[in-house]
Every structure is written in C-alpha cells, then in structure tokens.
Amino acid sequence: MHDMASLGGPLLSFPPSSRPFHPNPSLLLRGASTGGTDNFLLHEAAWSSGSGKTGGGNTLLRLRGGSQRDWLPPALAKLPVVTRAFILFNLAFFLLGVAAPDHPLVGGSAAVRNLGFAPGEILGLRSISPAEVVKQAGRVVGHTFTHASLLHVAFNMLSLSSIGASLEVLVGSVSFLFLVATMILATPLTLLAAEAFLYFTNSPPLIPGNMVGFSGVIFALFTLHTLHNPTSVVPIFGHPVPAQYAPLALLGVQSLLFPQASFWGHAAGIAAGFLHARGFLSWTAVPPAWFVAVERSLRHWDGFVRHTGVELAGQAPKRRR
C-alpha cells in the first residue's frame, strides 16, 4: 500500500521570490504563472550573458554556451542545475523500474514494497541487525525517489520545477542542494517521531502502511519559501492565499481533492520546513569547507547559481569576516 499516490504533488506555481506573486489561475495546472515563465527566461538570458542578478543583487555565474544542456527539452534546460538534477534523477529512477519490471528491488510494484517508508515497521522491530539498519536507512531515503505511477512522478516533478527553481535562484545552487538533502531526511524522521509517540502511547498509527514520493519534500520546500515571504500572496488552485497560511491551505484542499494522497506525509513535510525555517535544524548546517568544495565542483555547470547571501535558517554557512 502506498499513501503518496498518483496526484500527490502540489499542483501550483511558485514564481521566484524576488518579485511579487501575481498568479494567473488559468495556468496553475501547467506549472506556470504570470511572470513565472518570463522570470526563468530572464534568468536564462542573464546566465548566458553572465550579467544576471538575483533579488539580492548577486551576479550569477556565466554559462558556457549551453552545450551541457543541448540534449535536454527546453523546459528542463532552462532550470537551475540542482533542480534539474533532482528532476532528472527522479525520472530516471522511475523509468528504470518501468524498463525492468521484474527487478526484485526497483521493478514495478516491487519498488513501492521494498523502498516505501513504513514507520510502523521500524517501530515494531524486535531485533536490529546491520542488514536491517541498511534496509531501513535505504527506505528513509529511497522512498523519496520512488513513485507509484507516471502521473505521480509527473505532477511531483512539475511542482519541483517551479518551487525548486524559485528557491535555488533565491539561495544559490549549493545552499539549495544541502537544503533538499536536509529535507529528504528531516521529513520522514519528523513523521517517524510523531509515529513513535503514538506507538508508545498505544494510539493508532498515522500511516498504517508505507508511503512513497517526493511530495513530502516539496511541501517542506514550499513551506520554507512561504515563510521567507510571509506577507506575499500565493495562488492555490486559482485562489490567492496569504503565504504564511498557504502550506496548510494547500494541504487541506489537496486532501479534499485527492483523498488517496498522504495527508500525514505531507504534513510532516510542512512540519520539517517550519522547524528548519525557525532554526531548530540549524545544527544541520554544513561546515564552510564542505560548502566551498561543493561550490567549486559545481560552478562550471550550466545553470549554476552562486551563493546569494540569502540564508534560510540552518542551511548555509555563515560568511567569514
């Protein structure tokens, strides 16, 4: 059983935060908004010329003629490098299961069964062996990249292309990379903590089976973005909502429209994003030396965005004075 089902991803657009939100409701289901596509094309031109600016006025790195992206569809080629990489990895992982349906780990329904995150199974373990630790750790990470259907992965990646690109342009590629990595771990662990409380108080579990999908992380990123712009207005299915209430509004509306989606899995993403934005996960900030090393290794890739100086609590190292 999987909880994050085929329409589990947020179906909305999120323009770059350097400009106000002016939604066009007719475009929400296509992952675009008034100004959103133009903004990304503007950044595309800025990257190509080496003269682009983010909202904080930091120059982005020059691209090298787009040769690294010539084989990609235009919609993917114009995305920042880390957002593009996560989308391609999710699509490749899904297609691997389609191409090898009989594979015992990733083939078809085996992926949902073997990689689905199951808090109840973890809490019910009576003995812990090294093999079991590896298995459950693989599920904590692997369920994020596992999708139950083509629609499931398509809608999640459509959402990621909008929200992820906005955040990556806001904070820079390396900060965004570590931010997503943190949310990949924080979202299921937040859910596991809630399930542990219920388990040890003999209460019914939130998720009796397992769950798969990237949408929990998308909800976490969406929450971070809205809390960074709490006075903005965010379009949700065509209706403007104050940004600070948008994640909960989206969760409620989506649960009504798609009851098969994982309410608690998405709620855990919102909780993880909130904890991060309020500094409770500041201990996850990477050492400056790691940050610099990764930035040096990625800065030559097309679509790379330099560290902008914008810091979402706990995700970027402090600059040395």
Asker: Can you give me the closest heavy-atom contact between Ser255 and Phe263, atom names plus distance?
Answerer: OG-CD1, 3.0 Å

Asker: When rounded to the nearest 0.5 angstrom, what is the spacing between NZ in Lys135 and CG in Asn114?
Answerer: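 Those atoms lie 8.0 Å apart.
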
Asker: Quickly, which of Leu257, Leu256, Leu251, Leu250 forms a side chain to side chain contact (heavy atoms under 4.5 Å, CB included) with Val253? Name it, please.
Answerer: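 Of Leu257, Leu256, Leu251, Leu250, side chain to side chain contact (heavy atoms under 4.5 Å, CB included) with Val253 is met by Leu257 alone.
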
Asker: Do the side chains of Pro73 and Leu76 get nearer than 4.5 Å, heavy atoms only?
Answerer: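 The answer is yes, as the side chains (C-beta and beyond) meet within the 4.5 Å cut-off.
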
Asker: Among all residues two or more places apart in sequence or in another chain, which pass the side-chain contact (heavy atoms from CB on, under 4.5 Å) test with Ala220?
Answerer: Met183, Thr187

Asker: Specify the closest pair of heavy atoms between Val233 and Pro240, including all atoms of both residues, with the distance to one decimal.
Answerer: CG1-CB, 3.2 Å

Asker: Check whether any side-chain heavy atom of Phe222 sits under 4.5 Å from a side-chain heavy atom of Val217, and report yes or no.
Answerer: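 Sidechains of Val217 and Phe222: no contact.
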
Asker: Hydrophobic clustering (ILVMFWY, side-chain heavy atoms < 4.5 Å, transitive) - are Leu185 and Trp283 grouped together?
Answerer: yes

Asker: Would you say Tyr245 and Val234 are hydrophobically clustered, going by side-chain heavy atoms of ILVMFWY under 4.5 Å?
Answerer: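 The answer is yes; both residues are in one hydrophobic cluster.
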
Asker: To the nearest 0.5 angstrom, please state how far the CG atom of Leu72 sits from the CG atom of Leu79.
Answerer: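 Here the rounded value is 9.5 Å.
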
Asker: Give a yes or no on whether the backbone of Thr83 and the side-chain of Glu168 come within a donor-acceptor separation of less than 3.5 Å.
Answerer: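 At least one qualifying donor-acceptor pair exists.
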
Asker: Tell me whether Phe200 is reachable from Leu206 by hopping between hydrophobic residues (I, L, V, M, F, W, Y) whose side-chain heavy atoms are closer than 4.5 Å.
Answerer: yes

Asker: Determine whether a donor-acceptor pair (N or O, by modelled atom type, separation under 3.5 Å) exists between the side chain of Gln244 and the backbone of Leu227.
Answerer: no

Asker: Check whether any side-chain heavy atom of Val180 lies under 4.5 Å from a side-chain heavy atom of Phe214, and answer yes or no.
Answerer: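 Yes, side chains in contact.
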
Asker: What pairs of residues pass the salt bridge (Lys or Arg N to Asp or Glu O under 4.0 Å) test when at least one of them lies in residues 197-220, not counting sequence neighbours?
Answerer: none

Asker: Would you say the side chain of Leu192 lies within less than 4.5 Å of the side chain of Phe117, judging by non-hydrogen atoms?
Answerer: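 Yes, their side chains come closer than 4.5 Å.
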
Asker: Kindly indicate whether the side chain of Leu191, heavy atoms from C-beta on, has any atom under 4.5 Å from the side chain of Pro119.
Answerer: yes

Asker: Can any side-chain N or O of His225 pair as donor or acceptor with the backbone N or O of Leu221 at less than 3.5 Å?
Answerer: no

Asker: Can you label the angle between the Phe93 ring and the Phe89 ring as parallel, tilted or perpendicular, going by 30° and 60°?
Answerer: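 The rings of Phe93 and Phe89 lie parallel, inter-plane angle below 30°.
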
Asker: Would Asp302 and Arg84 count as a side chain to side chain contact (heavy atoms under 4.5 Å, CB included) if you check the C-alpha gap in whole Å, the side-chain angles of each, and the deciding distance to 0.1 Å?
Answerer: CA-CA 10 Å; Asp302 288 347; Arg84 186 169 69 237; 4.3 Å; yes

Asker: Quick check for you: to the nearest 0.5 Å, what is the distance between Ile184 atom CD1 and Thr144 atom OG1?
Answerer: 5.5 Å

Asker: Is there a path of hydrophobic side-chain contacts, each under 4.5 Å between heavy atoms, that joins Ile122 and Val133?
Answerer: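 They do not share one cluster, since no chain of ILVMFWY contacts under 4.5 Å joins Ile122 to Val133.
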
Asker: Ignoring hydrogens and geometry, is there a side-chain-to-backbone donor-acceptor pair from Arg278 to His276 under 3.5 Å?
Answerer: no

Asker: Working note: Glu195 + Ile207, criterion side chain to side chain contact (heavy atoms under 4.5 Å, CB included); need CA distance, chi angles, decisive distance, verdict.
Answerer: CA-CA 8 Å; Glu195 290 280 32; Ile207 297 180; 3.7 Å; yes

Asker: List the steps and the verdict of side chain to side chain contact (heavy atoms under 4.5 Å, CB included) for Leu150 and Val153.
Answerer: CA-CA 5 Å; Leu150 179 59; Val153 69; 4.3 Å; yes

Asker: Set out, in order, the CA-CA distance, both residues' side-chain angles and the distance that settles side chain to side chain contact (heavy atoms under 4.5 Å, CB included) for Phe178 and Val294, then state yes or no.
Answerer: CA-CA 10 Å; Phe178 286 118; Val294 174; 3.8 Å; yes

Asker: Sequence neighbours left out, what pairs pass salt bridge (Lys or Arg N to Asp or Glu O under 4.0 Å) with at least one residue falling in residues 138-166?
Answerer: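 Every salt bridge (Lys or Arg N to Asp or Glu O under 4.0 Å) pair that includes a residue of residues 138-166, provided the two are not neighbours, is Glu121-Arg139.
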
Asker: For residues His266 and Ser215, is any side-chain donor paired with an opposing acceptor at under 3.5 Å?
Answerer: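 Result is yes, a qualifying pair exists.
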
Asker: Measure centre to centre between the rings of Phe291 and His307, then say whether the value is under 6.0 Å.
Answerer: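 They qualify: ring centres under 6.0 Å apart.
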
Asker: For Leu115 and His143, which heavy atoms make the closest approach, and how far apart are they?
Answerer: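 Heavy-atom minimum between the residues: O-CB, 3.1 Å.
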
Asker: Flag the pair Leu160 / Met157 as yes when at least one side-chain heavy-atom distance between them is below 4.5 Å, and no otherwise.
Answerer: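 They are in contact (side-chain heavy atoms under 4.5 Å apart), so the answer is yes.
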
Asker: In the structure I gave you, are the side-chain heavy atoms of Leu298 and Leu177 within less than 4.5 Å of one another anywhere?
Answerer: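 They are in contact (side-chain heavy atoms under 4.5 Å apart), so the answer is yes.
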
Asker: Which distance, rounded to the nearest 0.5 Å, do you find between the OG1 of Thr190 and the CG of Leu281?
Answerer: 7.0 Å

Asker: Looking at Ser173 and Val82, what are the two nearest heavy atoms and their distance?
Answerer: O-CG2, 3.4 Å

Asker: To check you understand the geometry: which heavy-atom pair defines the closest contact between Asn90 and Phe145, and what is its length?
Answerer: OD1-CA, 3.5 Å

Asker: Is any side-chain heavy atom of Val174 closer than 4.5 Å to a side-chain heavy atom of Phe304?
Answerer: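 Answer yes - side chains close enough.
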
Asker: Of all heavy-atom pairs between Pro208 and Pro205, which one has the smallest distance, and what is that distance?
Answerer: CA-CG, 4.2 Å

Asker: To the nearest 0.5 Å, what is the distance between CG (Leu170) and CG (Leu179)?
Answerer: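 One finds 10.0 Å between CG of Leu170 and CG of Leu179.
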
Asker: So how far is it from Phe274 CZ to Leu248 CG, rounded to the nearest 0.5 Å?
Answerer: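 Between Phe274 CZ and Leu248 CG, I get 10.0 Å after rounding to 0.5 Å.
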
Asker: Is it possible for you to say whether Phe197 and Leu123 belong to one hydrophobic cluster, with membership spreading through side-chain heavy-atom contacts below 4.5 Å?
Answerer: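 Per the 4.5 Å side-chain linkage, Phe197 and Leu123 are co-clustered.
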
